[in-house]
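Throughout, residue positions are numbered sequentially from 1 according to the sequence presented. One-based numbering, in listed order, for ligands and for the atoms of each. We use all heavy atoms of the structure for the numbers below, so side chains are in, but hydrogens, waters and symmetry mates are not.
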Amino acid sequence: MSAGLVIAVDGPAASGKGTIAAGLGAHYRLPVLDTGLLYRAVGVLMRRLDEDLDDAGLAGAAAARLTADQLRDPALRTRAAGELASRVAVHAKVRGALLDFQHAFAGQASGAVLDGRDIGTVIVPDAAAKLYVTATPEVRAKRRWTQLIAQGEAVTYDDVLADIRTRDARDGGRDTAPMRPADDAVLLDTTEMTIEQAADAARRIVEAARARWITTS
Ligand code: CDP
């Protein structure tokens with residue numbers, strides 16, 4: 001799909017995949033797409049128009065209307081937007097409407113890093129490097145809670161843990177592109193790691209994959 005190095009970083013909510021993807025992008029000088037923002041934007045757009053998030057047709061139409069500049073909206077980073085995203089992400093029409101945008105990003109001549117839930121399984125199955133980043137729900141909830149508090153949100157750790165469990169169940173249980181590691185993804189459990197350690201480990205995994213990719217391409 002692309003002549004450049006494509007890195008797929010998947011994993012559940014608050015596993016550290018966004019930070020890892022950004023670090024890999026900086027290290028290899030590759031553009032980075034946080035694909036969660038696409039789903040967040042669809043959810044936020046629908047909520048603003050007071051549309052029914054469970055209506056697959058309306059959700060698909062909202063996804064088809066999405067433009068790149070809408071991804072910069074700070075409202076996409078909130079706890080509420082994460083919940084809206086996981087609700088619209090169950091619709092095949094939404095996932096289909098967002099395919100072209102993700103393929104175009106992954107197909108850039110420079111190569112690219114994409115983070116999400118289905119990058120290594122659906123969006124770029126031939127990515128040169130695939131990581132699946134995990135951590136226990138409790139550790140992920142602690143990280144996300146700290147992040148939300150820093151953003152000024154009034155939320156308890158228990159609420160965030162409940163959100164994470166709901167999202168894991170919804171993302172893993174949906175019929176279309178259920179969250180799971182690609183067969184050839186390398187699992188990176190960051191439970192016991194600092195973010196620096198996780199970023200180092202991710203770089204080592206990508207270096208090994210990149211060496212294989214260079215010799216075969
Ligand atoms: O940062 P966090 O992992 O909490 O959320 P995110 O990556 O922004 O994703 C928000 C929601 O969008 C997820 O819970 C998924 O339901 C959905 N999503 C998806 O289905 N596929 C992707 N490639 C990215 C996100």
Side-chain angles (χ1 to χ4, degrees), residues 6-22 32-47 53-54 56 59-60 62-63 66 70-103 105-106 112-125 127 130-135 137 139-148 150-151 153 155 159-182 185 190 195:
V6 178
I7 305 173
V9 185
D10 288 305
S15 55
K17 63 187 185 306
T19 311
I20 285 172
V32 180
L33 178 63
D34 170 359
T35 63
L37 286 179
L38 301 169
Y39 297 88
R40 286 170 179 258
V42 174
V44 167
L45 194 70
M46 292 187 77
R47 181 44 55 86
L53 296 155
D54 298 325
L66 203 67
Q70 285 169 312
L71 303 182
R72 284 193 281 274
D73 185 346
L76 306 187
R77 310 274 173 186
T78 61
R79 173 184 175 212
E83 167 66 15
L84 299 175
S86 103
R87 286 182 57 193
V88 299
V90 301
H91 302 304
K93 283 185 177 158
V94 169
R95 307 198 76 84
L98 298 176
L99 267 181
D100 284 352
F101 187 95
Q102 296 176 86
H103 282 161
F105 195 91
V113 184
L114 289 88
D115 82 75
R117 301 290 191 288
D118 62 343
I119 307 304
T121 49
V122 176
I123 306 296
V124 202
K130 296 183 188 179
L131 282 92
Y132 193 84
V133 185
T134 59
V139 164
R140 290 188 281 127
K142 176 81 194 312
R143 290 178 186 161
R144 180 52 49 88
W145 178 67
T146 308
Q147 195 181 3
L148 291 171
Q151 281 173 211
E153 289 211 35
V155 62
D159 289 339
V160 178
L161 181 59
D163 284 358
I164 295 254
R165 291 193 193 285
T166 305
R167 286 228 261 140
D168 282 356
R170 199 184 283 137
D171 292 349
R174 66 187 174 217
D175 297 334
T176 319
M179 179 174 69
R180 66 167 180 85
T190 67
I195 192 58

Practice task
Run the contact test for M179 against ligand 1 with a 4.0 Å cut-off on heavy atoms, strictly below, and give the result.
Solution key: no
Exercise for the section: Give a yes/no on ligand 1: does G18 have at least one heavy atom closer than 4.0 angstrom to it? Expected result: no
[X] neighbourhood, listing ligand 1 atoms whose heavy-atom distance to it stays under 4.0 Å:
| X | value |
| --- | --- |
| G36 | 6 (P), 7 (O), 8 (O), 9 (O), 24 (C), 25 (C) |
| D118 | 23 (N) |
| A89 | 16 (O), 17 (C), 20 (O) |
| A85 | 10 (C), 11 (C), 12 (O) |
| A13 | 2 (P), 3 (O), 4 (O) |

Problem - Member of D168, T190, T134 meeting the side chain to side chain donor-acceptor pair (under 3.5 Å) criterion with R140 - result: D168
Problem - Under-4.0 Å salt bridge between K130 and D10 - result: no
Problem - Electrostatic pair R144-D163, nearest N-O below 4.0 angstrom - result: no
Handout entry: Approximate separation, where rounding is to 0.5 Å, of K17 NZ and D34 CG
Key = 7.5 Å
Exercise for the section: Give, for atom CZ of R143 and atom CD1 of I195, the distance between the pair rounded to the nearest 0.5 Å. Expected result: 6.5 Å
Ignoring hydrogens and angles, tell me if any N or O in the side chain of [X] forms a donor-acceptor pair with the backbone of [Y] under 3.5 Å.
| X | Y | value |
| --- | --- | --- |
| R95 | A89 | yes |
| R40 | T78 | yes |
| Q151 | R77 | yes |

Practice task
Report yes if the side chains of I7 and L131 come closer than 4.5 Å at any heavy-atom pair, otherwise no.
Solution key: yes
Which segment of [X] sits under 4.0 Å of ligand 1 when only heavy atoms are counted:
| X | answer |
| --- | --- |
| S15 | neither |
| R170 | neither |
| R117 | both |
| R87 | neither |
| S86 | both |

Nearest protein heavy-atom contact for [atom]: which residue, which atom, what distance?
| atom | value |
| --- | --- |
| atom 21 (N) of ligand 1 | R95 NH2, 3.0 Å |
| atom 10 (C) of ligand 1 | R167 NH1, 3.3 Å |
| atom 16 (O) of ligand 1 | D171 OD1, 2.5 Å |
| atom 23 (N) of ligand 1 | T35 OG1, 2.9 Å |

Handout entry: Side-chain donor-acceptor contact under 3.5 Å, R167 with S86
Key = no
Regarding ligand 1, does [X] bring an N or O atom to under 3.5 Å of one of the ligand's N or O atoms?
| X | answer |
| --- | --- |
| D34 | no |
| R144 | yes |
| Q102 | no |

Practice task
Go through the steps to decide whether F101 and L71 satisfy the test side-chain contact (heavy atoms from CB on, under 4.5 Å), and finish with yes or no.
Solution key: CA-CA 12 Å; F101 187 95; L71 303 182; 4.0 Å; yes
Completion exercise
Among R40, Q147, K17, the residue with a heavy atom nearest to atom 5 (O) of ligand 1 is R40
Practice task
Walk me through it: do W145 and R79 pass the test side-chain contact (heavy atoms from CB on, under 4.5 Å)?
Solution key: CA-CA 9 Å; W145 178 67; R79 173 184 175 212; over 6 Å; no
